[in-house]
There are 2 protein chains.
Amino acid sequence: MDLTIAKQVLDNAFRQKQLCMVIGNCKAEYWGRAASKLSEGDRMLLIKGDGSFAIHQNKLLRPVNYMMSASMKTSQENGQLVVLAEKLKPKESLKVFFSSIDFCQCFEMHDIHDVRLFGSEKQLQELLGDDLSFIEPGLTPLKREAHFEQGFADIIAEDSKGRICLIEVKRRKASLDAVSQLHRYQQKMKNLKNKEVRALLLAPEITENAKLLADNYGIEFFKLDFEISNPSAKIKGIEKKQTTLV
Amino acid sequence: MDLTIAKQVLDNAFRQKQLCMVIGNCKAEYWGRAASKLSEGDRMLLIKGDGSFAIHQNKLLRPVNYMMSASMKTSQENGQLVVLAEKLKPKESLKVFFSSIDFCQCFEMHDIHDVRLFGSEKQLQELLGDDLSFIEPGLTPLKREAHFEQGFADIIAEDSKGRICLIEVKRRKASLDAVSQLHRYQQKMKNLKNKEVRALLLAPEITENAKLLADNYGIEFFKLDFEISNPSAKIKGIEKKQTTLV
DNA sequence: GCTGGGAGAGGCTTA
DNA sequence: TAAGCCTTTCCCAGC
């Protein structure tokens, strides 16, 4: 395909915020938050109406080079079609050099619906929030998402003995990060209230090291059994995993 | 475009591991790690030779629905072209229903070069590893074996007073996570060696709360000044940020 | 605008 | 295979 034609097609499409696809042999240079060089090869350039700019190889989900909210400019240099994406804050530039183009076409896209997702962490929290006796008898919610200066806990509750309980819900296997995160909230709350604060971590699983760290911090782990149905999610059960006494 | 033709084009392209692009009006259903429903709209389906499967809207960098390493199957149901992506471990399925297709084409992609990235965290570590006196006079790296055996800090060194120093390098502004991460290493090392262990956090910046937490944990923060040049990165300077005495 | 944190995170490396 | 961690993470909600 002729590079000059391709340039015209793109320039017009940018104005109309169409979805643009270019396939051809190209190289690319990025400079900004990092820097990169991509040598010649067949790639697909995907440009979207909101300025999303992505160079895709024929592998992996993610683009090999990309920019969000970019301003685009095309030009011809040395018999190549150059597509430049630029951005301020942070200052970035991505330059693609097409030596040949197999395909270049743009489409108007009519799309008013966004995806509805079920089984997110937030949804699990909501399912739990209503009835914490699932977790432990006498546990009553105080307020959801109480904000601290350092982040927040998913649920704050009070147990039957009047102790504050911070509850963190994870939809995936809990890792060291999750334990550290909850520990930070626990420490912060302890300092605020100047009394004992329980920390409860709910997750479908936990890694071995994370469990050790949780035990070390006095964080209680509960196995959260849930299923993703459609169009929602359902808590099937919650079981406390006691610290193994050595 | 005729749906039956599109089906043939795709079936053939899957066998040849080509890059496939389909544009048309579709809806989609996902079930697996979570569940989702996407109502009708114009979208682009991008399928790659390695089984990467992505439904793109005309906005955002990321696909609205996707699957990696998927097995693909096409079929026709009720006058719709159905493209099904499935996977085991974890068990997932993504079904796309095209009611109409504007475009469907596949390309053989010749591409042997991958991107070379400069300014990664690992590269910064390597630049530092050679000469720690940048950070503090008398700081010397410990044996590489120790680094590998433990494997949980970027760099392990010894200061002029013979104390073990754990050094964590971050290429971006250090957050609470970074501080927690380094603190975990510090605690672990303390328990192993049963003596004082210094923890040094090197980053271009640090958030306010992260700095407070670092101070609280006795983690020392150093401002790391580097620049991304081409084709590499360069450490420009390292300056210790003392705890502000209130 | 910055900060914190989730994500169906993805993707890589090492044990 | 699992765990841990980096990413030009992306993306969003709060402040």
Side-chain angles (χ1 to χ4, degrees), chain A residues 30-36 52-55 59-70 85 87 89-94 115 117-125 145 147-154 168-178 181-182 184-185 205-210 228 233, chain B residues 30-36 50 52 54 59-69 87 89-94 115 117-125 148-154 168-178 181 184-185 205-210 228 233:
Chain A
Y30 165 75
W31 191 91
R33 285 172 287 174
S36 76
S52 300
F53 188 102
I55 304 171
K59 63 176 182 186
L60 298 184
L61 229 32
R62 289 170 181 275
V64 65
N65 275 123
Y66 57 90
M67 193 177 300
M68 300 147 35
S69 319
K87 192 186 164 186
K89 288 200 87 104
K91 190 162 163 40
E92 294 179 293
S93 90
L94 175 53
V115 73
L117 185 69
F118 316 110
S120 67
E121 198 159 299
K122 196 179 168 199
Q123 198 169 86
L124 291 181
Q125 288 166 30
E145 290 181 3
H147 278 73
F148 302 157
E149 296 221 348
Q150 300 175 7
F152 52 89
D154 294 337
E168 177 74 23
V169 182
K170 292 290 172 198
R171 70 180 307 286
R172 289 183 299 164
K173 182 181 270 204
S175 64
L176 291 166
D177 275 350
Q181 191 188 357
L182 184 49
R184 288 200 303 264
Y185 303 157
E205 291 177 280
I206 187 167
T207 66
E208 197 179 324
N209 284 332
I228 312 285
Chain B
Y30 165 76
W31 191 92
R33 284 173 287 175
S36 76
D50 66 344
S52 300
K59 63 176 182 186
L60 299 184
L61 230 32
R62 289 173 179 278
V64 65
N65 274 123
Y66 57 90
M67 194 177 299
M68 299 151 37
S69 319
K87 191 185 163 185
K89 285 197 85 107
K91 190 161 164 38
E92 294 180 294
S93 90
L94 175 53
V115 73
L117 184 70
F118 315 111
S120 68
E121 202 157 293
K122 194 179 170 198
Q123 198 170 86
L124 291 181
Q125 286 167 30
F148 277 161
E149 277 177 29
Q150 305 305 335
F152 50 67
D154 292 339
E168 177 73 24
V169 183
K170 291 290 171 199
R171 71 179 306 286
R172 290 184 300 165
K173 181 180 273 204
S175 64
L176 291 166
D177 275 351
Q181 190 188 357
R184 287 200 305 264
Y185 304 156
E205 290 177 279
I206 187 167
T207 67
E208 198 180 325
N209 284 330
I228 312 285

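Since this is a predicted model, take the numbers as computed values, not measurements. Residue numbers start from 1 in every chain, and the chains themselves are labelled A, B, ... in the order their sequence lines are given, proteins ahead of strands.
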Grab the [atom1]-[atom2] distance between [X] and [N] for me, whole Å please.
X: B:D50; N: C:dG10; atom1: CG; atom2: P; value: 13 Å
X: B:N65; N: C:dG10; atom1: CG; atom2: P; value: 12 Å
X: A:E205; N: D:dT1; atom1: CD; atom2: P; value: 15 Å
X: B:Q125; N: C:dT13; atom1: CD; atom2: C1'; value: 13 Å
X: B:F152; N: C:dA15; atom1: CZ; atom2: C1'; value: 14 Å
X: A:E92; N: D:dT7; atom1: CD; atom2: C1'; value: 13 Å
X: B:L60; N: C:dA7; atom1: CG; atom2: C1'; value: 14 Å
X: B:K87; N: C:dA9; atom1: NZ; atom2: C1'; value: 12 Å

OP1, OP2 of [N] versus side-chain N and O of [X]: anything below 4.0 Å?
X: B:N209; N: C:dG4; value: yes
X: A:R184; N: C:dG5; value: yes
X: B:S120; N: D:dT8; value: no
X: B:Y185; N: D:dC5; value: yes
X: A:R33; N: D:dC10; value: yes

[X] side, atom [atom1]; [Y] side, atom [atom2] - distance, nearest 0.5 Å:
X: A:R172; Y: A:E121; atom1: CZ; atom2: CD; value: 8.5 Å
X: A:Q181; Y: A:D154; atom1: CD; atom2: CG; value: 7.5 Å
X: B:L61; Y: A:F53; atom1: CG; atom2: CZ; value: 11.0 Å

Base, sugar-phosphate, or nothing for [X], non-hydrogen atoms under 4.0 angstrom?
X: B:R172; answer: base
X: A:L176; answer: sugar-phosphate
X: B:Q123; answer: nothing

(request) Determine yes or no for a side-chain-to-main-chain donor-acceptor pair under 3.5 angstrom, with B:R171 supplying the side chain and B:L124 the backbone. (result) no
(request) Pick the C1' atom in C:dG8 and in D:dG14, then give their distance to the nearest Å. (result) 24 Å
(message) Which is more 5' along DNA chain C, the nucleotide nearest B:Y66 or the one nearest B:K122? Just name the residue.
(response) B:Y66
(request) For A:Q181 and for B:M68, find the nucleotide of DNA chain C with the closest heavy atom, then tell me which residue's nucleotide is more 5'. (result) A:Q181
(request) On DNA chain D, check which nucleotide each of B:V115 and A:A210 is closest to and give me the residue with the more 5' one. (result) A:A210
(message) What I'd like to find out is whether the side chain of A:P63 reaches to under 4.5 Å of the side chain of A:I55, using heavy atoms alone.
(response) no
(request) Would you kindly check whether a donor in the side chain of A:E121 faces an acceptor in the base of C:dG6, or vice versa, at under 3.5 angstrom? (result) no
(request) Give a yes or no on whether a donor-acceptor pair under 3.5 Å exists between the nucleobase atoms of D:dT9, that is its base, and the side chain of B:R62. (result) yes
(message) Could you check whether B:D177 and B:S175, counting side-chain N and O atoms only, form a donor-acceptor pair closer than 3.5 Å?
(response) no
(request) For the side chain of A:K173, starting at C-beta, report the closest nucleotide among C:dG11, C:dG8, D:dA3. (result) D:dA3
